[in-house]
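Here is how names work: the chains are called A, B, and so on, in the same order as the sequence lines, proteins then strands, and each is numbered from 1.
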Protein chains: 2
Amino acid sequence: MTIKHVAADAGVSLQTVSRVINKEPNVRPEMMARVQASIQKLGYVPSIAAQRMGGSRSYLILALNDRERTIADWRNRQGTDWVDQMLLGGMLKCAEHGYRLIVELVDTHSDHIERELLAAIAALQPDGVILTPPHSGNPIIIRLLDAQGIRFARIGSLQEGPGFTLIMDDERAARLATEHLLALGHRRIGFIAGPAEYELSGWRVTGWRAAMAAAGVADEALLATGDFSHASGRAAAIGLLALPDPPTAIIASNDQMTLATLDLMRERGLSVPGDLSLVSFDDTPIARLAHPPLTAVMQPIADVASRAVELIIGDYAGEPTPAMPVVVPAGLQLRQSTAAPATRT
Amino acid sequence: MTIKHVAADAGVSLQTVSRVINKEPNVRPEMMARVQASIQKLGYVPSIAAQRMGGSRSYLILALNDRERTIADWRNRQGTDWVDQMLLGGMLKCAEHGYRLIVELVDTHSDHIERELLAAIAALQPDGVILTPPHSGNPIIIRLLDAQGIRFARIGSLQEGPGFTLIMDDERAARLATEHLLALGHRRIGFIAGPAEYELSGWRVTGWRAAMAAAGVADEALLATGDFSHASGRAAAIGLLALPDPPTAIIASNDQMTLATLDLMRERGLSVPGDLSLVSFDDTPIARLAHPPLTAVMQPIADVASRAVELIIGDYAGEPTPAMPVVVPAGLQLRQSTAAPATRT
DNA sequence: GTGAAAGCGCTAACAA
DNA sequence: TTGTTAGCGCTTTCAC
């Protein structure tokens, strides 16, 4: 079934069929109806390879993820569902417009990152690329994509430069989380930050700092840093709890580090939220399956991915570009890991 | 960068470059080296769209999943990582061979399933399709793929017919699980089966039945059925526990139903494994994050997906086809939800 | 062992 | 508004 069959069946030229397929103007309604009837009847669907060859779009969008971290998450099976949420939001939005989303893994730290990316682009010739952290802040990738003239969306990066930028308002989310704890009566609220490699690590710290300062209880000693791993979260928690005036609540920058803190408390025979309130970031399945279920900042990954696809596709239709960055609000999911602090003696 | 540039740079014809790319014979080693040097130098990567247009492969493999169930899993965020494991095994294996894996969602119950599938095939012209349950047992899909002459692998189906078939040895796994409980001293072992729509539901029951019969403790009253949902698992568990001679252990056919049973026990103030031993199926993240962590049958989804890709790609190279079905062993992961039964008074 | 030709299914630029 | 022509980058004939 090719465009030729349709043209023959409808008694028109190839070009007219092509125009109908691509919703181009300058086709009489009756012609259009006739062509569409033939398309329907013959079950014709254009080959994207041929469309691509003809100089049109490839209807392919690449979702670029960090290879090492993604594979580690898949192997660990700890419930990290970043990729699933990307697919939920991105793939479904793609499907609405006849696009496909292809997940591609690329090494961030590799020196041949350019080769890898160029190879993927040359092979697939995607119409757009979605960058996730830490790729979204990688100047090499950004420059390369820009030079190639490929539209791309950067999720979780505010770095200046070309491409659509989308963030989940981490700063505000961190402030909300902190204010929630302050409202419960906490004054010593520790914060376990993520690695500096991720821009959002800084935003989250900023939000916490702002809320603490506003409440007049700021103390940089309450800030620790991890690298998103369980082990690093544990180490950070140990440090915070060893302070002369330890926190009564801790916010950790992802679920793994929060869980590490929870495990540590359990080991020490202490209770959450009795002895320590805990707020997590990301709200992957692990947060709701923990005991107690964790109060957590929900990352609207599916929404952001969906918006990213819209931006990439919408651009083609000549739609106006919204102001950057596009901010998708993150919410605080209250669960059972937060409570008023125990009264000190 | 096209094949032309390479040909010009190497001082050979297009055809020779093409031969080198496709590892065809009849190219002198020195020619080959020269061409490869040019390819390397220019960073040339063939366009898969053009390759496809030229009558060659598309280097695309479709992973067909059930739309409704997959989207529900993504939205629920309960840690079901079937798609991730498919990607882990399938996508990485694809990457090794220059292929891409595209996840495609299709309605099983839809009457326009043929239209959906044909559209995807016409658009992408994939070199192969991987079918997962319940698609893998769907005669309409199987017939259609066969008629289209597309290679396909069916995971989790033993139904006769064309295509490669792969199973995870559910029957043996169920037997192992049952024998584990028997060895612990259990005699009343309940089984919550999955819906008949999934062939593997039956295999699991068969394994349990065989082990129970071999031990001389078979009792069909101990068999209940659910539909893989939490609610159905709960209902099934309630039924089993209400028996005159209730089970001291229950095996449920997936993690959701096992967790429902665990929740039920907790509600009733009973302990696992103290009052009831529990064995789960699938071993998604939820199983290891439960309290207590669940002894579970691990589904080697990544391995199976990897094998499926190998079969599809390998076939092209003229490799001999292994005997069907390809059986990938499933193991039993021992955790803390199983123990010897409490002694009856 | 190598090269020249034709054609895959589609779209862009042009002409009518 | 419609049809015609050329060409996208590659692989397949088929000659040499």
Side-chain angles (χ1 to χ4, degrees), chain A residues 1-36 38-39 42-60 98 118-127 149 316, chain B residues 1-36 38-39 42-60 98 118-127 149 316:
Chain A
M1 271 310 117
T2 77
I3 201 172
K4 271 190 194 161
H5 299 115
V6 177
D9 184 84
V12 298
S13 72
L14 302 187
Q15 192 45 29
T16 302
V17 179
S18 175
R19 286 194 179 102
V20 172
I21 293 170
N22 297 296
K23 299 186 179 66
E24 279 169 24
N26 299 340
V27 180
R28 262 183 307 168
E30 50 187 284
M31 278 276 101
M32 189 158 147
R34 213 163 75 196
V35 171
Q36 266 168 342
S38 292
I39 289 177
L42 303 176
Y44 166 76
V45 175
S47 149
I48 67 165
Q51 290 188 124
R52 168 59 232 157
M53 286 304 295
S56 173
R57 286 164 284 185
S58 67
Y59 293 99
L60 259 27
L118 283 171
I121 290 172
L124 261 11
Q125 289 156 278
D127 293 335
Y316 279 105
Chain B
M1 271 308 118
T2 76
I3 200 172
K4 272 189 192 159
H5 299 116
V6 177
D9 184 85
V12 297
S13 72
L14 302 187
Q15 190 42 34
T16 303
V17 179
S18 176
R19 287 192 178 103
V20 171
I21 292 170
N22 296 296
K23 300 186 179 67
E24 279 168 24
N26 298 341
V27 180
R28 262 184 307 168
E30 51 186 283
M31 279 275 100
M32 189 160 148
R34 213 163 74 197
V35 171
Q36 266 166 345
S38 293
I39 289 176
L42 302 177
Y44 166 76
V45 175
S47 151
I48 68 164
Q51 289 187 125
R52 169 60 231 157
M53 286 304 295
S56 174
R57 286 162 285 183
S58 66
Y59 294 98
L60 259 26
L118 283 171
I121 291 173
L124 261 11
Q125 290 157 277
D127 293 335
Y316 279 106

Taking every non-hydrogen atom, the tightest pair across B:P126 and B:A120 | CD-O, 4.4 Å
Interatomic spacing from CD in A:E24 to OG1 in A:T16 - rounded to 0.5 Å = 10.5 Å
Which heavy atom in B:I3 sits nearest to a heavy atom in B:S18, and how many Å separate them?
-> CD1-N, 3.9 Å
Write down the protein N/O and nucleotide N/O pairs, taken from nucleotides 8-10 of chain D, whose separation is under 3.5 Å; answer none if there are no such pairs.
{"from": "D:dC8", "atom 1": "O2", "to": "A:M53", "atom 2": "O", "distance (Å)": "2.2"}
{"from": "D:dC8", "atom 1": "O2", "to": "A:G54", "atom 2": "N", "distance (Å)": "3.4"}
{"from": "D:dG9", "atom 1": "N2", "to": "B:G54", "atom 2": "N", "distance (Å)": "3.4"}
{"from": "D:dC10", "atom 1": "OP1", "to": "B:Y44", "atom 2": "OH", "distance (Å)": "2.4"}
{"from": "D:dC10", "atom 1": "OP1", "to": "B:S47", "atom 2": "N", "distance (Å)": "3.4"}
{"from": "D:dC10", "atom 1": "OP2", "to": "B:I3", "atom 2": "N", "distance (Å)": "2.4"}

Applying ring pair (Phe, Tyr, Trp, His ring centres under 6.0 Å) to A:Y44 and not counting sequence neighbours gives none
Check the pair B:S58, B:I48 against side-chain contact (heavy atoms from CB on, under 4.5 Å), reporting the backbone distance first and the verdict last.
-> CA-CA 6 Å; B:S58 66; B:I48 68 164; 5.9 Å; no
Determine yes or no for a side-chain-to-main-chain donor-acceptor pair under 3.5 angstrom, with A:R52 supplying the side chain and A:S56 the backbone.
-> yes
A:M32 to A:V20 - nearest heavy-atom pair and separation = CA-CG2, 4.1 Å
So, A:D127 side chain and A:R57 main chain: donor-acceptor pair closer than 3.5 Å or not?
-> no
Counted 5' to 3', the first and last nucleotides of DNA chain C within 4.0 Å (strictly under) of a heavy-atom of chain B are C:dG1 to C:dG9
Value rounded to 0.5 Å, distance of CG in B:L60 from CD1 in B:I121 | 12.5 Å
To the nearest 10 degrees, how far apart in direction are the end axes of the helix from C:dG1-D:dC16 to C:dA16-D:dT1, each fit to five base pairs?
-> 30°
Determine yes or no for a side-chain-to-main-chain donor-acceptor pair under 3.5 angstrom, with A:S47 supplying the side chain and B:A123 the backbone.
-> no
Under a 4.0 Å heavy-atom cut-off, which of residues 23-32 of chain A touch DNA chain D?
-> A:N26, A:V27, A:R28, A:M31
Taking A:R34 for its side chain and A:A10 for its backbone only, find out whether a donor-acceptor pair lies under 3.5 Å.
-> yes
Side chain to side chain contact (heavy atoms under 4.5 Å, CB included) partners for B:L42, two or more places apart = B:M1, B:H5, B:V6, B:D9
